[in-house]
Structure formats: C-alpha cells, structure tokens
Amino acid sequence: MNDSPLNHSGDISAPYLAGLNAPQREAVLNTEGPVLVLSGAGTGKTRVLTTRLVHILSTQRAWPSQILAVTFTNKAANEMKGRISAIIGRPVEGWWLGTFHALAARILRANAEQVGLKPNFTILDTDDQLRLVKQLIQAENLDNQKWPSRVVLGIIERWKDRGLTPERVTRAEQAEVASGRILDIYRDYQARLATLNACDFGDLLLHNIELFQKAPEVLLKYQQQFKYILVDEYQDTNVAQYLWLRLLAQGHRNLCVVGDDDQSVYGWRGAEVENILKFEQDFPGAKVVRLEQNYRSTPHILAAASGLIAKNAGRLGKTLWTERAEGEKVRVTSAWDGEEEARQIGEEVEALQRKGHNLREVAILVRAGFQTREFEERFITLGIPYRVIGGPRFYERLEIRDALAYLRLVNQPDDGLAFERIVNTPRRGLGDSTVRRLHDLARAQAISLPEAARRIVETDELKPAARRSLAGLVQDLARWRGLAETMDHGALAEIVLDESGYTEMWKQDKSIEAPGRLENLKELIHAMEEFENLGGFLEHVSLVMENAESGDRDQLTIMTLHGAKGLEFDIVFLPGWEEGLFPSQRTLDENGLKGLEEERRLAYVGLTRARKIAYVSHAANRRVHNQWQTGLPSRFLAELPPEHIERRDNQTFHRGQSRMFNPGLSEGRWTGASYMQRTARKPPPTIDATAVVAAESPGRYASGAKVFHQKFGYGAVVSAEGDKLEIEFDKAGRKKVMAGFVVPAHEAG
DNA sequence: TCGAACCAGTTTTTT
DNA sequence: ACTGGTTCGA
C-alpha cells in the first residue's frame with residue numbers, strides 16, 4: 001500500500017475530512033513515510049492527529065494494534081481516545097495509544113527477563129527514588145549538605161533523559177559533578193533498583209532501548225507490528241524518547257511527529273528542542289506540513305505573540321494567521337506591588353462578570369506556583385470562585401503512599417522500599433536501629449529487605465520486643481498475601497489497612513488533616529474496585545493516575561504557564577511580567593540565552609492561550625520569600641509590538657510607569673542579578689502620586705543629593721546612571737533604586 | 001524512640 | 001514566612 005493516498009478517491013470525500021483546511025488535510029492524508037507536522041498554537045493539532053488515526057484505520061492501512069500513538073500526558077492520551085471513539089462510534093480498544101512511559105512499560109513487562117527484571121517489577125515513585133538516593137549518598141559518605149538527594153537525583157535523571165546509562169556517562173561529564181562521585185551514586189542506584197526488581201520512569205525507556213539492542217528479534221517484532229507511528233508534542237521529547245522512537249520507526253518508516261518548536265518549555269527536565277529542529281535530517285525525505293491558520297485568537301493577540309517569539313533565534317519559523325475579526329489589543333497594566341496587581345485583576349474579573357462572561361473562560365497564568373497565593377487571597381475577599389490547578393496529586397499524598405506501600409508489599413514480597421516505608425508506620429517500635437540491622441543483613445546476604453526481616457525473626461539477633469513486633473508484621477504480610485489469592489483486592493485492601501493498624505492510626509490522630517486522610521483512604525479503595533487485580537491497579541497508579549478534575553463549575557482558573565500548555569480560555573491574565581520572575585532569574589543564570597529563549601516561548605504560550613482578551617501586567621515591588629524586591633518590567637513587555645498592545649495604566653501610576661518602560665530594556669543593557677534588588681523587610685506603602693510626579697524630570701539627582709524613599713526612608717545618592725540610582729540610606733544601607741521611587745528629601749512630607 | 005529546636009532552601013512538572 | 005529535614009536531648 002505505497003501508492004499516494006490521494007489516489008484513493010474515497011479518502012477525499014470521507015466524512016471525517018470535512019471541514020479540514022488544506023494543510024490539515026495534507027497532514028492527515030500523507031500517511032506514508034516520515035512526516036513533520038509543525039502546528040502552531042491553536043491550529044487544530046488534536047483534530048489533525050485524531051483524524052489521521054481514523055483515516056489510517058478506516059482506509060484499512062492498519063489495524064488498531066498496528067498503530068503506535070504516543071503522547072506525553074495521560075490527559076492528552078485520554079482526550080485522543082475520546083475523540084477517536086466519538087468519530088468511529090466505538091470504544092478505543094486494543095490500540096497502542098498512551099504515554100511514552102505507559103507504552104514502554106507495556107513492552108517492558110512483556111520482555112522483562114531479557115533485561116534482568118521480573119515481569120512484576122515495581123515502578124518507583126519520586127518519593128521512593130529520593131529515599132533510595134539519600135541512602136546511597138550516606139553510604140558513599142558524600143556531603144549531604146552539598147549534594148542534597150533532590151539535586152543528585154536530578155543529575156541522574158538528566159543523564160537518563162539523554163539515554164546515558166552509567167557506562168555511557170563520559171569521563172569529562174562525570175568529572176564535572178563531584179569528581180565522579182555522583183556517577184558512583186548513579187551506579188549504586190541502578191544496582192539497587194536491579195535487586196529491588198524495580199525501575200524508575202527513566203528506566204522504562206532505557207530498558208526498552210537496552211532490550212532492543214540486546215534482542216534484535218524483539219525489536220524486529222515491534223518494528224513490524226507498528227506500521228504507523230504518531231507522536232504528539234514532539235518538541236518535548238528527550239534523547240531517550242527520541243532513540244526509542246527511532247528504533248521502532250526504522251521498520252516501516254511511517255513516523256509522523258506533531259509539535260511546535262515555539263512551545264518547547266520543558267528543557268529544564270531534559271526535553272530537547274533539537275529533536276524537532278533536526279527531524280528533517282534524521283528522517284531524510286520527510287514531508288513537512290505547516291499548520292498556520294489559527295482558529296483560536298484574535299489578530300492582535302496573535303500578532304503580539306508572534307512579534308515576541310520572533311526575537312528567538314533558531315526557529316523553524318511559522319507565520320500564524322487568522323480569519324477572525326480584529327478584536328482587542330493586548331492590555332498591559334502596571335501596579336505598585338503584587339497586592340495591587342491582584343486587586344486590579346480582581347476588579348477586572350468582576351467587571352467581566354458583570355458583562356456576562358463566564359468565569360470558566362477566564363484564567364490567570366503565572367510563572368511560578370507561589371504567585372497563586374496573592375490571587376487566592378484577593379478572590380476569597382471578593383467572593384470570586386476560583387480553582388488552583390497543580391496542587392499535590394491524590395497519589396502523592398502521604399496516606400495514599402503509605403497505603404500503596406502495604407499493597408505493593410502484598411503484590412511484590414521483596415519490595416524493599418515499600419517495606420521500609422511502612423515498617424514503623426504505624427509505630428511498632430521498629431526504629432532506625434532495627435532497620436539498620438535489617439539493611440546490614442540484607443546487604444551481607446544479598447537479599448531483599450523484607451527477606452532479611454523474614455530471616456532475622458527466626459534468630460535472636462533482635463531484642464525480644466523488636467523481634468516480636470517484626471515477626472508480627474512478617475506474619476501479617478504473609479497472611480495478606482495468602483488472602484490475595486482468593487479475595488477481591490478492594491476488600492483485601494480494607495483488611496490490610498485495618499489489621500495493620502494504619503486506619504486506626506489516623507483515627508487516633510487529632511490533627512485537622514486526619515479526617516481528610518481517612519476520606520482519601522476510602523477513595524483509594526473505591527478507585528481500586530475498577531481494576532481487574534491488584535497488579536493492574538498498581539500499574540495504573542504509578543503510570544496513569546490523573547488528578548480528579550473538578551467539575552466545570554463556574555469558577556476561574558489559576559495555574560502555571562506550564563500547566564496551561566494545550567489549554568485555551570476566552571480571557572487570560574498574565575501577571576508578574578518582571579525581570580527576575582519572568583524571565584526567571586534562575587533560568588537565566590543557569591541556562592543563559594537558551595534559558596531566556598525558553599522563557600520567551602513560555603510567554604508565547606501564555607499569550608496564545610487567549611481567545612479574546614489577554615491582559616499582561618507587572619508590579620514594581622513584590623514580596624518573594626517574605627523579602628521585598630524591586631523589579632523592572634520584564635523585557636518581554638518591551639518586545640511586544642506596540643501597535644498591538646494598549647497601555648492601561650491607572651492614573652496614579654501612569655507617569656512613573658512611562659519612565660519605567662523607556663530605558664532601553666530591549667537592548668539588554670542590564671543583565672544578570674542587577675535586575676532585581678533585595679530591599680527592606682517592611683511592605684511598601686501605597687504609592688504616593690507626588691513621588692512619581694516629582695521624579696519625572698530626569699537627571700535631577702546628582703551625586704550627594706538627599707532623597708526620600710517610601711520604603712527605605714532618607715538617604716543620599718551615591719551615584720546615578722540614567723534612571724538607576726545607588727543610594728546610601730540612613731537606615732537601610734546602600735541600595736540600588738529606580739529614580740521613579742524616590743523624591744528629593746525636601747519634598748518628602 | 002520521640003519531640004523540640006534549629007537550619008537551609010525555597011521555578012516550572014510529567015511519568 | 002514557611003516548610004521539611006536534621007540534630008540533639010530527654
């Protein structure tokens with residue numbers, strides 16, 4: 001079936017093709033050979049993806065089992081499933097449609113022995129990973145202060161993202177981090193995972209790759225099976241995922257990747273924009289389709305976003321256009337501090353409400369999680385219903401992880417990490433010293449921790465009390481395992497939590513969270529009932545667990561820019577556009593220009609979420625970690641094309657504002673940490689209009705001039721450079737301050 | 001073994 | 001300011 005799809009006259013008139021524009025059709029109909037679909041924001045990407053799958057299926061090019069469709073998130077996978085089943089009129093069954101990790105896990109379960117795992121291997125959660133790494137750091141006598149487990153795990157994960165097993169980490173690279181000590185940890189870590197019959201998320205991919213290399217016949221089988229491969233959000237793939245795809249795609253070479261290089265915002269966790277940038281080289285003869293017609297935003301929003309992203313170098317380049325009516329310009333406002341910014345947005349939201357806008361269609365997109373607080377506080381006082389997306393997930397909660405640890409132990413008797421987690425929860429008098437003993441024994445005998453427990457209770461190694469207690473636990477576990485043979489897993493879970501005393505522990509607990517935790521445990525058991533067996537449930541938990549979506553009530557959404565990728569709203573507020581916060585100083589420090597470009601893409605993502613109106617704002621002062629900082633307007637503000645934005649400065653602030661915008665922000669004159677200065681501890685007062693007006697005439701502060709600052713009090717100018725003053729304050733010491741925020745001392749009042 | 005006292009580190013997040 | 005982790009003393 002290698003002739004052009006266009007020869008199939010039936011294709012063109014198929015009902016599912018109706019309403020697609022020309023490039024979209026091309027993306028759907030070019031089924032053979034490598035295809036790169038560059039889909040800008042709001043160009044109907046998901047529609048193209050699903051239609052393409054339906055097309056392949058309904059022209060009988062392949063069976064569902066011969067199509068591999070890969071997404072990053074379960075949400076995306078579920079959405080795709082839902083849309084496909086809506087078109088084909090039956091549930092999506094027998095498809096290979098899922099996340100990279102879920103699909104890789106499926107392949108790995110079927111071939112686990114080939115890479116030294118048992119098919120019932122455990123997939124570790126982040127918590128397990130961290131505890132493991134911490135143990136290894138201590139065992140290696142590495143300075144825990146200098147190398148916190150989170151950092152070490154991060155390094156290991158970045159290596160894994162790049163497909164580097166310990167043997168493949170280069171010398172140069174290992175020398176960079178703690179003279180190779182981290183590599184030792186990495187090696188230990190992998191060894192421990194092997195003995196635990198466990199793997200982490202990165203391993204799912206790496207073991208697949210190893211499997212494919214070790215067992216070419218297995219690879220061949222999958223290569224032949226997957227006639228068509230489809231990848232969503234290709235710009236977010238890391239090297240390991242790329243290698244995995246490349247291996248699988250070498251059979252039929254029908255690889256279609258969809259993505260947008262301008263929306264690559266996950267570099268910090270290993271994504272490589274380069275994957276999408278070099279797709280045409282990797283897959284010679286690749287057909288490139290550009291989806292550029294935007295169906296989402298107004299021309300002003302689109303132009304503002306396009307103008308901004310045009311500052312990035314090394315793009316594949318797209319020109320988004322729309323047939324939509326002009327709409328409104330992007331509104332830019334300023335505030336004295338974060339509180340005022342929240343107040344302004346709150347007022348605007350109320351105004352929108354009065355105009356009849358549904359709050360479901362309003363979102364506030366922030367750079368960092370801590371920014372949500374100010375808005376929450378404001379909305380509570382105003383009585384505006386809201387929801388914050390991105391809190392702790394159900395399966396990350398303490399009580400859920402504990403309960404799961406019990407269940408994992410029933411499912412996999414040698415799960416050492418689960419054992420360690422619950423050995424003294426609830427309290428059983430089995431503290432550090434006992435656990436250390438178990439570890440020693442386990443290491444000496446090369447057995448698992450639970451196995452060590454099973455053996456040690458047969459000896460007089462432990463004190464009678466500890467021995468009795470541990471023996472009780474060992475017996476319980478064995479008994480539960482026996483029950484698992486015959487009993488429904490939901491009922492079993494209840495018994496386990498009951499008999500272990502875990503439920504009782506929370507009933508006794510008088511803290512305010514305890515009732516909620518008991519609720520969650522009930523919910524957990526409820527969730528289990530939907531699964532065939534315990535193993536299936538645990539797999540689901542580690543790989544496929546979703547946040548329970550709160551219903552679509554009439555409430556506005558607060559979330560991070562990262563979280564908003566792929567979503568859209570009528571009205572979007574983008575607060576906190578200040579140097580240091582957005583672009584984030586840390587990204588700038590760590591990744592330089594590359595980091596800046598990623599931040600800019602994030603800004604682009606934010607703007608393009610809006611269908612009708614986008615509000616951008618910044619505050620001159622902001623409390624971060626309870627310290628007041630003075631922030632300059634983000635350079636991204638200066639990069640928005642002026643003809644597509646509308647300044648909506650409130651009157652008190654207007655004059656000071658214009659000063660803040662002007663001085664050559666886009667010239668990159670100021671770099672690094674000087675963008676944000678740490679200032680005093682007390683909150684800034686509301687702005688005094690006279691102060692701003694007074695500062696209007698430039699150059700009036702000569703060295704030595706006495707000035708007054710709202711926050712710092714009186715001081716003398718040390719030096720002045722344009723708008724930036726360095727001032728020796730009487731009380732607050734030497735600070736760098738914008739001229740707009742001081743008045744001559746004699747005018748202070 | 002456990003609670004109180006102290007101390008460091010605070011972006012983004014999925015699987 | 002707050003949290004989570006570690007350390008120290010009872």
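Note that this is a predicted model, so its numbers are computed, not measured. Computed over heavy atoms, backbone and side chain alike; hydrogens, waters and symmetry mates excluded. So that the names make sense, note that chain A is the first sequence line, chain B the second, and so on, each numbered from 1.
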Got a sec, which residues hit side chain to side chain contact (heavy atoms under 4.5 Å, CB included) with [X], two or more places apart in sequence or on another chain?
{"X": "A:Ala198", "answer": "A:Thr122, A:Leu124, A:Leu193, A:Leu196"}
{"X": "A:Lys507", "answer": "A:Thr503, A:Glu504, A:Leu518"}
{"X": "A:Glu157", "answer": "A:Gln129, A:Leu153"}
{"X": "A:Arg427", "answer": "A:Asn424"}

Begin from the C-alpha positions of A:Tyr242 and A:Trp244 and carry the test ring-ring contact (aromatic ring centres under 6.0 Å, His included) through to its verdict.
CA-CA 5 Å; A:Tyr242 162 79; A:Trp244 185 80; over 10 Å; no
Any residue of residues 117-133 of chain A with a heavy atom less than 4.0 Å from an atom of DNA chain B
A:Thr126
Could I get the full list of ring pair (Phe, Tyr, Trp, His ring centres under 6.0 Å) partners for [X], not counting sequence neighbours?
{"X": "A:His207", "value": "none"}
{"X": "A:Trp96", "value": "A:Phe226"}
{"X": "A:Phe636", "value": "A:Phe582"}

Given atom [atom1] of [X] and atom [atom2] of [N], what is their separation to the nearest angstrom?
{"X": "A:Leu581", "N": "B:dT10", "atom1": "CG", "atom2": "C1'", "answer": "14 Å"}
{"X": "A:Trp244", "N": "B:dT15", "atom1": "CH2", "atom2": "P", "answer": "15 Å"}
{"X": "A:Leu103", "N": "B:dT14", "atom1": "CG", "atom2": "P", "answer": "18 Å"}
{"X": "A:Tyr266", "N": "B:dT12", "atom1": "OH", "atom2": "P", "answer": "11 Å"}
{"X": "A:Asp236", "N": "B:dT12", "atom1": "CG", "atom2": "P", "answer": "17 Å"}
{"X": "A:Leu602", "N": "B:dT11", "atom1": "CG", "atom2": "C1'", "answer": "10 Å"}

Strictly under 4.0 angstrom, non-hydrogen atoms only: write out the protein contact profile of nucleotides 1-10 of chain C, one letter per nucleotide from the 5' end, B, S or -.
S---SS----
Using a 4.0 Å heavy-atom cut-off across all strands, classify A:Gly202 as base, sugar-phosphate, or nothing.
nothing
How would you label the contact of A:Thr99 with the nucleic acid (heavy atoms, under 4.0 Å): base, sugar-phosphate, or nothing?
sugar-phosphate
Is the phosphate of [N] approached by [X] (side-chain N or O, under 4.0 Å from OP1 or OP2)?
{"X": "A:Arg586", "N": "B:dT11", "answer": "yes"}
{"X": "A:Thr587", "N": "B:dT12", "answer": "no"}
{"X": "A:Asn74", "N": "B:dT15", "answer": "yes"}

Regarding the side chain of A:Trp268, the nearest nucleotide among B:dT11, B:dT12, B:dT15 is B:dT12
Would you say A:Arg408 and A:Phe419 make side-chain contact, with heavy atoms under 4.5 Å?
no
Answer yes or no for this row: A:Phe72 ring on B:dT15 base, centroids under 5.5 Å, planes under 30°.
no
